[in-house]
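So that the names make sense, note that chain A is the first sequence line, chain B the second, and so on, each numbered from 1. Basis for what follows: all heavy atoms, side chains included, without hydrogens, waters or symmetry-related copies. None of the values given here were measured: they were computed from a predicted structure.
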There are 2 protein chains.
Amino acid sequence: MSSGYTTEPTTLVWTQTAGMPVSSLTDPALEDVRDLLDTGFEHGEMITLVGRCAIDYDGRASSHLPPGERLVICKPDGTLLVHRDEQRKPVNWQPPGSTHSVCLDDDRLIVESVRSSPHEELEITFKTVAQASRLELDDMSELALEGSEEDLRQRILADPDILETGFNAMATERETSAGPIDIYGQDADGTPIAVELKRRRVGPDAVGQLNRYVEALERNRPGKSVRGILVAPSVTERATELLASEGLEFVSLTPEQADTS
Amino acid sequence: MSSGYTTEPTTLVWTQTAGMPVSSLTDPALEDVRDLLDTGFEHGEMITLVGRCAIDYDGRASSHLPPGERLVICKPDGTLLVHRDEQRKPVNWQPPGSTHSVCLDDDRLIVESVRSSPHEELEITFKTVAQASRLELDDMSELALEGSEEDLRQRILADPDILETGFNAMATERETSAGPIDIYGQDADGTPIAVELKRRRVGPDAVGQLNRYVEALERNRPGKSVRGILVAPSVTERATELLASEGLEFVSLTPEQADTS
DNA sequence: GATTGGATCTCGGGC
DNA sequence: GCCCGAGGTCCAATC
């Protein structure tokens, strides 16, 4: 059962798994691929295509990709992905909410995906398809993720002294004319503090962000000084210089409690 | 040939396409999936798995995803993607350069992917696999994309007057202590100008970025005024306020020549 | 719908 | 390797 592979140059293979619906065609005629896509789109199934195709995109930008062999994924929520054999990002795609369609044009299979607001079109032209599959995926679980900026915030709110002895957190997402401050509070002397949180090492952009908030607070309270503290695991050299030139401060903290075993 | 599907509850299907190597197992024993993965990893092929699995990730952050049916893609460059039936982004992944391995543990198939620098681990535990495929994708084409910030830069360099009459572009990526300026130049009066380009509508972050560059230039030339111009198709209200409060300017331009047909 | 900023962002270029 | 900013960023939360 485990070792005896049988090599079959099949031109049309249809299989239906009992537990997890997977219907697949191997080396199919484009006509059959069209039917599979129509059925899959109608039933709200996920579809994977492997084949040689060219791709044209027009929308927020525009692109052209000459023919090559790729993996195409159409999700029931309107997502479309085109993956090459390298890179984490799809070479082309459509976001969720797009509408997929398929048509046969002479000896080419054309998969089209259209989105509105903004209007975007993706056209995939297949010359050959090596594999086409319909997948009905049942997945109700939710991802539990730790180590986000939100975890860093909770860590500070649970024990404000880890930021600075006597720190008093008074608000989160406190609004300013420049945007919301992650944590707004006061130091032991009652001086206002704007705290900007980052879950990882920060560069100049985070300093600019904190500076905008501090300046917005100072504009509202002329004459009264406001401290700005950037909280992150670490900071780059250029960001350190910017912090100094703006009179801002840095405190090193990670989202996760350090392992003190 | 087109309509006569045959329904076969196949437990082991192996097909080898001539033109485009695609080897696939449908509803296989986990032992066979392990062999397919080992072979695929060794030959540098792309692999797709469809099945019910749980996923644990630990690295820059950490996450746990309870069992569910998903599509897993392993690329020969070390990329690993786990896709659910919705969303454009994979629910879990490993970046290119990771090392994949597989092992059979009792009645579970475990696919592991490890990366170093930073160290990250991804572990996928399959209870059942509905489909496993090896793909050898031949794709030498390169994506041609239009409408990038680089196109906007070229547009201005080709005709500086579209930014402002008499503008003189003197350098691109001109270095400052706060980072490189997209275009550095002078106006008709000889006043220095820092130009920050964005291919799409901009918010407060772009204003902060431009402001950092302008302040860096002014720090180098005390007393001498420096203009800052943000170039983008449009700008949000809050960004407009920030521009005003910082004494910066805005010019509306898109990466693409407007259609004047 | 527009806005805003986080993200295991990814990715490329420069040093 | 780190740093830095672009991206068809995607995405959720908020207004």
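OP1 or OP2 of dT10(C) lies within a sub-4.0 Å distance of a side-chain N or O belonging to Trp93(B). Arg238(A) has no side-chain polar atom (N or O) that falls below the 4.0 Å cut-off from OP1 or OP2 of dC2(D). At the phosphate of dG8(D), neither OP1 nor OP2 sits under 4.0 Å from any side-chain N or O atom of Arg88(B). OP1 or OP2 of dA6(D) sits under 4.0 Å from a side-chain N or O of Lys198(B). The phosphate of dC4(D) has OP1 or OP2 within less than 4.0 Å of a side-chain N or O from Thr236(A). Of the side-chain N and O atoms in Gln209(B), one or more sit less than 4.0 angstrom from OP1 or OP2 of dA6(D). Within the structure, every side-chain polar atom (N or O) of Arg60(B) is placed at least 4.0 Å from both OP1 and OP2 of dG6(C). Residue Ser117(B) places at least one side-chain N or O under 4.0 Å from the OP1 or OP2 atom of dG1(D). Taking 4.0 angstrom as the limit, Tyr213(B) places a side-chain polar atom (N or O) nearer than this to OP1 or OP2 of dG5(D). Distances shown here put every side-chain N or O of Arg115(B) at or beyond 4.0 Å from the OP1 or OP2 atom of dT8(C).
Rounded to an integer number of Å, the gap from CD of Glu142(B) to C1' of dC11(C) is 15 Å. Going from atom CG of Asp151(A) over to atom P of dT8(C) covers 11 Å, rounded to whole Å. Atom CG of Leu152(A) is separated from atom C1' of dA7(C) by 14 Å (rounded to the nearest Å). Atom CD in Gln87(B) sits roughly 16 Å away from atom C1' in dT8(C) (whole-Å rounding). Rounded to whole angstrom, the span from the CD atom of Glu120(A) across to the C1' atom of dC10(D) amounts to 12 Å. Distance, Arg174(B) CZ to dC4(D) P: 18 Å, rounded to whole Å. In this structure, NZ of Lys75(B) is placed 13 Å from P of dT10(C), rounded to the nearest angstrom. To the nearest angstrom, C1' of dG6(C) lies 9 Å from NZ of Lys89(B).
In this structure, the ring pair (Phe, Tyr, Trp, His ring centres under 6.0 Å) partners of Phe41(B), at least two apart in sequence or on a different chain, are His100(B).
Mapping Asp205(A) and Leu143(B) onto DNA chain D by nearest heavy atom places Asp205(A) closer to the 5' end of the strand. Of the two residues near DNA chain C, Gly147(A) and Val202(B), the one whose nearest nucleotide lies more 5' is Val202(B). Two residues, Gly179(A) and Val91(B), neighbour DNA chain C, and the one matched to the more 5' nucleotide by heavy-atom proximity is Gly179(A). Between Leu197(B) and Pro96(A), it is Leu197(B) whose nearest contact on DNA chain D lies nearer the 5' terminus.
When side chains are defined from C-beta on, Asn92(B) counts as touching Ser63(B), because their heavy atoms get closer than 4.5 Å. At least one side-chain heavy atom of Arg70(B) sits under 4.5 Å from a side-chain heavy atom of Ser141(A). At a threshold of 4.5 Å between non-hydrogen side-chain atoms, the residues Arg88(B) and Lys75(A) do not count as touching.
The side chain of Ser148(A) sits closest to dA7(C) out of dG8(D), dA7(C), dC10(D). In the set dC10(D), dC4(D), dC2(D), dC2(D) carries the atom at the smallest distance from any side-chain atom of Arg201(A). Of the candidate nucleotides dC4(D), dG8(D), dA6(D), dG8(D) has the atom nearest to the side chain of Ala61(A). Set against dG5(C), dT10(C), dG8(D), the side chain of Arg212(A) has dG5(C) as its closest nucleotide. Taking the side chain of Leu145(A) as heavy atoms from C-beta on, and the options dG8(D), dT8(C), dT4(C), the nearest nucleotide is dT8(C). Comparing dG7(D), dT8(C), dT4(C) against the side chain of Pro204(B) picks out dT4(C) as the nearest. Taking every side-chain heavy atom of Pro180(A) into account, dT4(C) is the closest of dT4(C), dA6(D), dG5(D).
Counting distance only, with no hydrogens placed and no angle test, the side-chain atoms of Glu149(A) and the base atoms of dG6(C) include no donor-acceptor pair under 3.5 Å. A donor-acceptor contact under 3.5 angstrom links the side-chain atoms of Gln94(A) to the base of dG8(D). The base of dT8(C) lies close enough to the side chain of Asn92(B) for a donor and an acceptor atom to sit less than 3.5 Å apart.
dC11(D) and dC11(C): their P atoms are spaced 15 Å apart (whole Å). Distance noted for atom C1' between dT8(C) and dT14(D): 25 Å (whole Å).
Ala178(B) comes within contact range of the sugar-phosphate backbone alone, with a heavy-atom separation under 4.0 Å but no base atom that close. Here Glu146(B) lies out of heavy-atom contact (under 4.0 Å) with every strand. Note on Ala239(B): nothing from the nucleic acid sits closer than 4.0 angstrom, heavy atoms only.
Side-chain contact annotation: Arg201(B) with Ser234(B), donor-acceptor N/O pair under 3.5 Å present. Using a 3.5 Å distance cut-off with no hydrogens or angles, the side chains of Tyr213(B) and Glu196(B) do not pair a donor with an acceptor.
Glu150(A) has a carboxylate O that lies under 4.0 Å from a charged side-chain N of Arg153(A), or vice versa, which qualifies the two as a salt bridge.
Shown here for Pro67(A) and Asp139(B), the closest heavy-atom pair between the two residues is O-OD1, 4.5 Å.
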